[in-house]
Number of protein chains: 2
Amino acid sequence: MSLDTRNPTFAGEDGPRAHPRSKREQIVKAALQVFLENGYAATSMNRVADAAGVIKATIYSHFKDKEQLFVAIIEEATIGKIAFDFNDKERIIAISPEEFMDEISNKFHTLEQDAEYHRFLRVVIGESERFPELAHLYVKTVIMRGMECASAYFEHHPELGLEDPQAAAHVIAGSFVSLVVWQKILGGCAIAPLEIGRVKNVLKTLICDRTKLTSP
Amino acid sequence: MSLDTRNPTFAGEDGPRAHPRSKREQIVKAALQVFLENGYAATSMNRVADAAGVIKATIYSHFKDKEQLFVAIIEEATIGKIAFDFNDKERIIAISPEEFMDEISNKFHTLEQDAEYHRFLRVVIGESERFPELAHLYVKTVIMRGMECASAYFEHHPELGLEDPQAAAHVIAGSFVSLVVWQKILGGCAIAPLEIGRVKNVLKTLICDRTKLTSP
DNA sequence: GTCTATAATTAGATAGAC
DNA sequence: GTCTATCTAATTATAGAC
């Protein structure tokens, strides 16, 4: 019943100079893992080649040098992160503050359990001095998307009395992101565990109780 | 007769080229800068030696290898960060929520302008997979200190109705820390600037307005 | 395009004179 | 402890066969 329509050997072209897609895919997939695990400098082209099951010269036939390989890999991975979609602004804006917080919390809960995302964040931050353009790409494609959505929510909910929607959006997002960094990347979960649900509840209290305030 | 001109133990005469008080100090100081700028793997012992103005073998007479040098350097720097003191719990607990937020905001404002702290954070995060013990040290000596202080504040202020002081403390600290990472380390300040004062105001609104709530 | 083989450089680390 | 000099291994990158 399951017919694999995928052509594993040859497929589309990615420009005037076509490569067999499978090899390039092998390299990209393996290089991502090795780079995410070791960072840029500690990753050798030999290890990438071994992990990809190709010989080193093959990598150089697809990518100019180590730097270009790294940039291409991380760019690709970053673009993939916008699958983490906050795209449906219309729907979000319509839900209640409680539901809004639940939804955001759920997004970050999946992110908190995604070990590859932890490694990705670690590398983007760790290499942000040598590769600032990658950090900027991450800011623009991932962070800004989420922030704009949350910001739009507060803009459309004046009853919450939050006069700076952008800053309010940052408080929400920043609380969750820093939790992931602290607990999962820095290893805080082994020292002082803090569950994401507890942070969600605090934010719910802080945000939702505002509907009970006597209007100014 | 061999006149030992190499014994500088008497005070006063530290010549530049002559015999500085401690070569180890030179090495530590220079190595910190080089490691913070390049990370662990991208830093070569040659560069450290050049920056310190000593020859490579001298480094190996003080430190077993590159790894031990890095650990010693970062440990030392981490301990230095607790000068960022939240030590005076007693005083903090007594102040008003508004003053409390102002004080925390000021702490992070200085941190936001400390470029060396940015590099330090970048390295601790970036190398946290290879050197988890350094990340743990940072969590225990720096993060936990600040968190405990903020947590104690909410414990002693039941009128704010925050039933999970630890999680509440994280929301405050996480909002500011993530702001520094986003704006200064990832370069967000060049894309979507967000001043620390705006975040402070949102948190002030969220926290301080709670005293106006009709008690449950 | 892919592989074998290797060039050219640099890395971490050490031996021995003083 | 410090320096001169060097060793060994690993690194990035390429030339040439097919």
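Chain naming here is simple, since letters A, B, ... match the order of the sequence lines and numbering starts at 1 in each. None of the values given here were measured: they were computed from a predicted structure.
In this structure, Lys81(B) is not positioned above the aromatic face of Tyr138(B) in the sense of NZ or CZ being under 6.0 Å from the six-membered ring centre and within 45° of the axis.
For Lys184(B), there are no salt bridge (Lys or Arg N to Asp or Glu O under 4.0 Å) partners at least two apart in sequence or on another chain. Applying the side-chain hydrogen bond (donor to acceptor under 3.5 Å, both in side chains) criterion to Glu37(A), with sequence neighbours excluded, gives no partner residue.
Taking 4.0 angstrom as the limit, Tyr60(A) places a side-chain polar atom (N or O) nearer than this to OP1 or OP2 of dA13(D). Side-chain nitrogen and oxygen atoms of Thr58(A) include none within less than 4.0 Å of the OP1 or OP2 phosphate oxygen of dG1(C). Using a 4.0 Å cut-off, no side-chain N or O of Asn46(A) falls inside it from OP1 or OP2 of dA10(D). Contact annotation: Lys23(A) side-chain N/O to dC3(C) OP1/OP2 distance is under 4.0 Å.
Taking every heavy atom of both residues into account, Ala173(B) and Phe108(B) meet most closely at O-CZ, 4.2 Å. Taking both residues in full, the closest heavy atoms of Ser175(B) and His170(A) are given as O-NE2, 2.8 Å, listed atom of the first, atom of the second, then distance.
Rounding to whole angstrom units, OH of residue Tyr40(A) and P of dT12(D) are separated by 8 Å. Here dT9(C) presents its C1' atom at 14 Å from NZ of Lys66(A), a figure rounded to the nearest Å. Note: CE (Met45(A)) to P (dA5(C)) measures 21 Å, nearest angstrom. Rounding to whole angstrom units, CZ of residue Phe63(A) and P of dT14(D) are separated by 15 Å.
Side chain of Gln166(B) to main chain of Ser151(B): no donor-acceptor pair is present (N/O by atom type, distance under 3.5 Å, no hydrogens or angles).
Among the nucleotides dT12(D), dA11(C), dC3(D), the one closest to any side-chain atom of Ser44(B) is dA11(C).
As judged by a 4.0 angstrom heavy-atom cut-off over every strand, Asp65(B) is placed among residues touching the sugar-phosphate backbone only. Base engagement by Ser61(B) is indicated by at least one non-hydrogen atom pair under 4.0 Å involving a base atom.
Near DNA chain C, defined here as any heavy-atom distance below 4.0 Å, the residues from residues 47-57 of chain A are Ile55(A), Ala57(A), listed numerically.
Under the 30°/60° scheme for interplanar angles, the aromatic rings of Phe70(B) and Phe35(B) are found to stand perpendicular.
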